[in-house]
Every structure is written in structure tokens, then in C-alpha cells.
Amino acid sequence: MTPRLARVCATCLSHKVNQNDLRISSLARTKWFGTGPKGPDGDGDGSGAQVPSGPTLPPFSWGASRCGRRPLSPLERVSQMLPQESLSDEVWELREKRTREENEDTETQTPEKLNEDTDVHEQPGDDDGVLEVMTHAHVLPEERVMCFGEVVLAEYRRRRRLELQKMFQLEKGCKLGSSWGSVDHDVIQGCHAGTVLRTTLGIPMLIRRPSLEEFTLFMKRGPAIAYPKDASAMLMMMDVSEGDRVLESGSGSGAMSLFLSRAVGSSGNVLSVEVRSDHHRRAVLNYERWRSSWKLRSGKAWPENVHFHLGDLINSAPLLAGRSFSSVALDMINPHLALHTVVPHLRTGGVCAVYQANITQIIDLMEGLRCSTLPLVCERIIEVQHRDWLLAPSLKKDGSFHQRRKSPGEEATESENEDGGKEGQVSAAHFPFGSVPYVARPHPEQNGHTGFLVKMRKISR
């Protein structure tokens, strides 16, 4: 083969490999996750389906597969297309050298990496790539491990950014699949909540139990839910405590019903009225799902103190006959039409909290209250907003920490202490307390408007 012909063949092979690399890289960038019986192409979550293993990487790029594929040099692209027995000793030496360098880079951890995987201790892997437990929590009294049938939450954070957050139910023989690898449910079962597991691709995944706030955000829903920030504000408005009797209109997906259930306790009671049958069915399913998961995680039964009723509150006077409520929560389109039915059963001094999405609905509510003779006074109209912030140490481009600039007086004091130091005195740490500056800025993803809250109180005239 002449040198000119060899160059032409190498150019053609390089173009062909480039096209294949583009198709493979586009497939590798596609992110998916699931835990249901169907795969990523089906309607379910994909827990029982086989997780795609992705493209096969060449031997010299395995070290970079965890953090992204390394671009190949022209020599490496051409050597992949040629028969292995035709490669020279120089090419094999180059491959071995790159493999050693990448392994060393993978084992080296910078301060940025330490911040990224805090309290994560790697363990040697098996030949089959089986998942590994990366942390071992200390067993405390009355601490219960995760078991089948319980609802758990999977999290993956990279560089202080939440990349994956998925809530699912542990089932035997299923697996949590994602673009960062898969985790078998059988491996999660028996671990403590807050355990970090390594996926089949070597990515650390935090498995823990969801809080009630997170459960309401990730549960299946029909209509829009009352977000936790609004639900907590409504609970403070109504001053709900254990043993109260609360009336709720608009069960929706059951988020507010769960918060009220926890607030009133086992000695209280919540009557939730919903006009739509599909919303009523969804609220009941979410409520029962939380109760069953709570019994598995705590060993105690969640109080069955919420009674769901399908009907229209405006025409529910027979349902409310002989009942009294310490507070009322209304989440409906026209709450002013239901005030004539609700107010007679609200105790004097009790609060009626109304959740509305648009300010025009608040105007209709105030106009209906003005034209009525109901003993209600409007005390507050608020909009609850939360602003998340990012706070992290300042890092250089190489991953090391920045250092605060010291004043001339501090430098002179340190030099005197060093000159007059005693023998055997312990030297200061490399990064003493207060020597690293921090960067603070608002989170780029802020929550928008959710709704307005109106606080009305019943008085005696």
C-alpha cells in the first residue's frame, strides 16, 4: 500500500467513525428513568424492563465513561477499524499508556469532587458490575430498614445541582432505571433510609424515604395541588391543632387533606368534599397510599381521620347538619357561593381560609362577602413566595479552594506567632476555619406564582 493510498483510506475511515460517534453520542445524551413494569418507550415507569446498557466503549475510554466520553484522536479512530493483529507495538503501547493515565485521573479526587460526593466512600467493585453500598449507617434503636411495598425516593446530585429525583414503590424483582444506570429494588430492600448505592454505571444514588412535602409533590395527581408552602400558610391561618374538626372543600389530589390529617391527629377529624368523581377517586388513592407506606416505615398506623365525600358543598346542607367545625379550608372556583352553607356550621371565632389562583376570583369573593349579611370579616390576603439560594465555597478552575486575602495586621500577627512559637506546637490546618470565601446567589430556577390566600374570621355581631 502506497503512502498516498494509506492516507486516503485513513481519511475515509475517520469520516465513517465520526458519523458513528455522532449517532452514539446522541443516544448516550438521552436521559430517561423509570420504575414501572414498562420500559422507557411504554406508558409505565420501566422498572421491570431491561435497562439499555448503552454503546460499548473502547478499552482506552472506560475511565472517562463515568463523567462523559473522551474525544478520540485520529490515530485511535483509525486503529479501531483495522484488524487487531495488524496493529504495531507503538499503537498498543499508546493504548496502555492512556488507560493508565485515565485510571489515575479517576482515582484522584479534587475538593470539588469531595463536595460533590460528601460522605461517600467507594468500595471495590465486583466483576459483574453489581451495585455496591457506599455508606453504612449506624443502627439506632427503633430504626427500621426499607422494605417492599414502601414508597422511597431516589436522588442524584452532581456539582451541587439536582440531576435526578424520582419517587417510586419498592417491588420485588423490579429495578429503578435511568440514564445514570439502574438500581435493583432487591438491593434497596433491607438498607437503611439515607443509604448511598452505586448504580450499574458507577454513579452514586441516594435512596431515602420521602417527607410528606415531597410525597405530595411527586404523587400522581389529577388537578393542581395545594403546594406545601401554601398549605403550611393555610394551616397557620386556621391554627389547626390536634383534636380539631376541619371542613375541606375541593379534595383535588389529596395534598391538603394529608396535611390536615397530620395536623388534627388521631383525635381530630377532617371532612373533605369533592364535586368531581375523578378527583375524588385520585385523592382517596393518594391518601391510602401514604397510609400504607407510613405503616411500613414507622410500624405505626396513620390515623384514619379523613372522610372523603363526593358531592357539591353548595348543596350539602344535609351532610353538615348537626356538625360544627373549628376551621374551614375552601379550594373551589366560586367559594362565595358556598359561604351561606358553610358559615352556620363554623364556630364563632373560627377561620375560613380560601385558596384562589387568580386575583379576579379574590375580587368576586370580596364582592360576594360585601353583598351578603354573613358575620365574616376579611383579615388578610397574601401570596406566599419562596426564594431559593445557592451557597458554596469558591473554587478555582483546577478544583482547589480560593483563600481569603489577609489584612497587613493579620499577616504581621501571624509572622510574630511563628517567630515566637514554642517547640512541639501543632501547626494550623491547611484550610483553617474562615479562610475559604463563599459564593452566594439566587437559584436560577425559582418557583413562580401558585395562588392567593384569603383569611376570613367569623365574628358575633
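Keep in mind that this is a model prediction, so the values were computed, not measured. All values below come from the heavy atoms of this structure, side chains included, with hydrogens, waters and symmetry mates left out.
When the side chain to side chain donor-acceptor pair (under 3.5 Å) test is applied to Arg291, the partners found at least two apart in sequence or on another chain are Glu288. In terms of the side chain to side chain donor-acceptor pair (under 3.5 Å) criterion, residue partners of Glu248 (sequence neighbours excluded) are, by chain and number, Ser257, Ser272. Not counting sequence neighbours, the partners of Arg161 by the salt bridge (charged side-chain N to carboxylate O under 4.0 Å, His left out) test are Glu445. Shown here are the salt bridge (charged side-chain N to carboxylate O under 4.0 Å, His left out) partners of Lys455, two or more places apart in sequence or in another chain: Glu379. Remark: Glu383 engages no residue in a salt bridge (charged side-chain N to carboxylate O under 4.0 Å, His left out) (not counting sequence neighbours). The side chain to side chain donor-acceptor pair (under 3.5 Å) search around Glu150 returns Arg209, not counting sequence neighbours. Arg441 meets the salt bridge (charged side-chain N to carboxylate O under 4.0 Å, His left out) test with no other residue; sequence neighbours excluded. Every ring-ring contact (aromatic ring centres under 6.0 Å, His included) that His449 has, sequence neighbours left out, goes to Phe452.
For the side chain to side chain donor-acceptor pair (under 3.5 Å) test with His192, the passing option among Arg144, Glu143, Arg208 is Glu143; the others fail. Each of Thr195, Val183, Val145 was scored for a side-chain contact (heavy atoms from CB on, under 4.5 Å) with Ile188, with one residue passing: Val183. Screening Ser266, Ser267, Ser261 against Asn305 for a side chain to side chain donor-acceptor pair (under 3.5 Å) leaves a single residue, Ser261.
Taking a cutoff of 4.0 Å between a charged side-chain nitrogen and a carboxylate oxygen, Arg157 and Glu155 qualify as a salt bridge. Between Asp278 and Arg276 there is a salt bridge, since a side-chain N of the basic residue sits under 4.0 Å from a carboxylate O of the acidic one. Classification of Arg281 and Glu274 as a salt-bridged pair fails, no side-chain N sitting under 4.0 Å from a carboxylate O.
When all heavy atoms of Arg262 and Trp302 are compared, the closest pair comes out as CB-CH2, 3.6 Å. Taking both residues in full, the closest heavy atoms of Met256 and Ala231 are given as SD-CB, 3.7 Å, listed atom of the first, atom of the second, then distance. The shortest heavy-atom contact between Leu197 and Cys191 is CD2-SG, 4.4 Å. When all heavy atoms of Met237 and Ile382 are compared, the pair lying nearest together is CE-CD1, 3.4 Å. Counting all heavy atoms, side chain and backbone alike, Gly252 lies closest to Pro223 at CA-CG, 3.5 Å. Here the closest heavy-atom approach between residue Met205 and residue Thr199 is recorded as CE-CG2, 3.7 Å.
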- Query: Given the rule in the side-chain contact (heavy atoms from CB on, under 4.5 Å) test, do Ser372 and Leu339 qualify, once you have shown the distances and angles that lead to the verdict?
  - Reply: CA-CA 9 Å; Ser372 67; Leu339 292 180; 5.9 Å; no

- Should Tyr156 and Gln165 be marked as a side-chain contact (heavy atoms from CB on, under 4.5 Å) after you check the CA-CA gap, both sets of side-chain angles, and the distance that decides it? CA-CA 7 Å; Tyr156 168 56; Gln165 196 170 35; over 6 Å; no

- Item | Candidate pair Leu176 and Lys166, rule side-chain contact (heavy atoms from CB on, under 4.5 Å), full reasoning | CA-CA 9 Å; Leu176 168 68; Lys166 174 69 175 180; 4.1 Å; yes

- Start with the C-alpha distance between Glu163 and Trp180, add both sets of side-chain angles, then the distance that settles side-chain contact (heavy atoms from CB on, under 4.5 Å), and finish with yes or no. CA-CA 10 Å; Glu163 298 286 347; Trp180 293 275; 3.9 Å; yes

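Heavy-atom contacts from other residues, nucleotides or ligands closer than 6.0 Å to NZ of Lys295 number 12 or fewer. Other residues, nucleotides and ligands contribute over 12 non-hydrogen atoms within 6.0 Å of the CG atom of Leu390. Open room surrounds CZ on Arg380; 12 or fewer heavy atoms of other groups in view lie less than 6.0 Å from it.
Under the ring pair (Phe, Tyr, Trp, His ring centres under 6.0 Å) criterion, the residue pairs touching residues 307-335 are Tyr287-Phe308, with sequence neighbours excluded. For residues 203-235, every residue pair satisfying the ring pair (Phe, Tyr, Trp, His ring centres under 6.0 Å) rule, not counting sequence neighbours, is listed here: Phe215-Trp290. Listed by first then second residue, pairs satisfying ring pair (Phe, Tyr, Trp, His ring centres under 6.0 Å) with a partner in residues 245-267 number zero, not counting sequence neighbours.
Looking at heavy atoms from C-beta onward, Val328 lies out of side-chain contact with Val343 at the 4.5 angstrom threshold. Between Val275 and Leu313, the closest side-chain pair of non-hydrogen atoms is not below 4.5 Å. Residues Leu260 and Leu235 are in side-chain contact: their nearest non-hydrogen atoms beyond the backbone lie under 4.5 Å apart. Leu310 has its side chain within reach of Ser277: a pair of non-hydrogen atoms, C-beta onward, lies under 4.5 Å apart.
No donor-acceptor pair under 3.5 Å is formed between the side chain of Ser249 and the backbone N or O of Asp331. When atom types are taken as modelled, the side chain of Asn269 and the backbone of Arg245 share no donor-acceptor pair closer than 3.5 angstrom. Proximity of a side-chain donor or acceptor of Ser293 to a complementary backbone N or O of Arg289 within less than 3.5 Å is not detected. The main-chain N or O of Gly173 is never found under 3.5 Å from a side-chain atom of His185 such that the two would form a donor-acceptor pair.
Taking NE2 from His336 and CD1 from Ile314, the interatomic distance works out to 8.5 Å, rounded to the nearest 0.5 Å. A distance of 13.0 Å separates NE2 in His402 from OG in Ser435, rounded to the nearest 0.5 Å. Taking OG from Ser179 and CG from Leu164, the interatomic distance works out to 7.5 Å, rounded to the nearest 0.5 Å.
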Acceptor/donor pairs from residues 349-363 side chains to any protein atom, 3.5 angstrom cut, sequence neighbours excluded:
from   : atom 1 : to     : atom 2 : distance (Å)
Tyr355 : OH     : Thr450 : O      : 2.9
Gln356 : NE2    : Met332 : O      : 2.7
Gln361 : OE1    : Ala357 : N      : 3.2
Gln361 : OE1    : Asn358 : N      : 3.2

